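For reference, the structure discussed in these notes is given below.
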Amino acid sequence: MTGQLTREHIGRAEATGLVAQLVRTWVDFYTGWVSAPAAERRRDEIHSDLWEQQTFAREMGVAPFAVAVSIARRAALGVPADLLWVRTERAALRSLPAEQKARTAMNSVTRFAAHWWWVLGAAVLSAIVLTMGMRQLLEPGMPYLEGTIQALTVGSLLAAGVILKAKMPRTAAALIAVGASSPATLYWAPIVMALGILVLLGSTVDLVRRMARNDVVLGALTAVGVLAIDATMVGYVWVGFDAGPVGLLWFAGAIAGAVMLYTVSRTRPPAPVAPAA
Amino acid sequence: MRRKPGALLPLEAAILDAALQLQRAGEDSFHGFGIARVIADGDETGGLTSHGTLYKALGRLETAGFLSSTWEDADAAAAEGRPRRRLYRVDGAAASVALAVHRQSSSPAPQASGRAAWGTL
């Protein structure tokens, strides 16, 4: 009987330990998104709190099951506050220098995904489109020559953008934005189209952000320039190709867009006005 | 709804109240679970404050200047075989004033009665 009670007691104590471990795992998870000092402080405080509660409960002779329930309740009711805390800390984190941000795997993955997701998408899109182009090229008699040329052009633009991303980020974003316009609008495969739309949005936003340099007018001109080039890519394939030489007029839009982007890249944003003394 | 600048939330008032109780009892510093226990003792439900809510409130009170905190010596904690504690100290004067203002603002306004009540119409 005593042995039975002891085994039950040990089992319940293990349950407390398991709940505490679950709480620690939750804390380790959500602190992965905040700065290193804030994460370390929150983790150490909760670890200390869990230890203190279990020790106090043992001293008071509280049943392990009741302690486990209490710990679980405290953790569960605190989840909204935890998430709000993460949101506040992340807002503060944006103004911190990079070296102060937590070097956790989660933060690295999040940062990478936030900045490079559309480049990864462009790489996948490029692989799909180039594969399609190569397949068509290898078909006997090359029955889809126009489609093949289009696929190889689009795939090359995307691949060039991916390769240049690290060294020439603005050029890379422009190439990817132009390259993604056709898959986003002309490839009647849902996955390719969805990926194309996402890559087009990501690259355009990145290009506008880089070219605008906090100036709304420069940002707007960049967006218009990208749209003009994209409209050429789509418009020529959609209606211009069948119109013969007249269809080549579509490229006037691309030239105008390219000139606009070049001009914006060479324009200095106006200096901020100093407040009156 | 945004709260007024300087106004205390009920939990923040409870933390300051508990911290002042501990200070009067001769305990200069306290840790998170310790203050949660004191608050629970004075609460009708007796439940311990949730982790996220408690440490977020402690952080706000520290930012507002009512509390200050430091890590205890890691060796001392290791010698006792437990994790190190974050030790908080309360600024007694500032906390007392803030609590007094909180109680004043949260107490219901006196009801006018008799002839004076006509003046409020």
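Numbered from 1 within each chain, the chains take letters A, B, ... in sequence-line order. All figures in this text were calculated on a predicted structure; none of them were measured in a lab.
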Task: Heavy-atom closest contact (B:Gly52 atom, A:Ala81 atom, distance) - done: C-CB, 3.5 Å
Task: Interface moiety of A:Leu83 toward chain B, non-hydrogen atoms closer than 4.5 Å - done: neither
- [ ] Please state whether the side chain, the backbone, both or neither of A:Val27 comes within less than 4.5 Å of a heavy atom of chain B.
- [x] neither
Open item on the list: Is B:Ala36 close to chain A through its backbone or its side chain, or both, or neither, when contacts mean heavy atoms under 4.5 Å?
Closed with: side chain
Open item on the list: Under the rule for side chain to side chain donor-acceptor pair (under 3.5 Å), what residues qualify as partners of B:Asp17, not counting sequence neighbours?
Closed with: B:Arg103
Anything under 3.5 Å between chain B and chain A that's a donor-acceptor pair? List each one with its distance, please.
| from | atom 1 | to | atom 2 | distance (Å) |
| --- | --- | --- | --- | --- |
| B:Leu48 | O | A:Arg73 | NH2 | 2.6 |
| B:Thr49 | O | A:Arg74 | NE | 2.7 |
| B:Thr49 | O | A:Arg74 | NH2 | 3.2 |
| B:His51 | N | A:Arg74 | O | 3.3 |
| B:Tyr55 | OH | A:Asp49 | OD2 | 2.6 |
| B:Glu62 | OE1 | A:Arg41 | NH1 | 3.3 |
| B:Glu62 | OE1 | A:Arg41 | NH2 | 2.7 |
| B:Arg84 | NE | A:Asp44 | OD2 | 3.3 |
| B:Arg84 | NH2 | A:Asp44 | OD2 | 2.8 |
| B:Arg85 | NE | A:Glu52 | OE2 | 2.5 |
| B:Arg85 | NH2 | A:Glu52 | OE1 | 3.2 |
| B:Arg85 | NH2 | A:Glu52 | OE2 | 3.1 |
| B:Tyr88 | OH | A:Arg41 | NH2 | 3.1 |
| B:Tyr88 | OH | A:Glu45 | OE1 | 3.4 |
| B:Tyr88 | OH | A:Glu45 | OE2 | 2.6 |

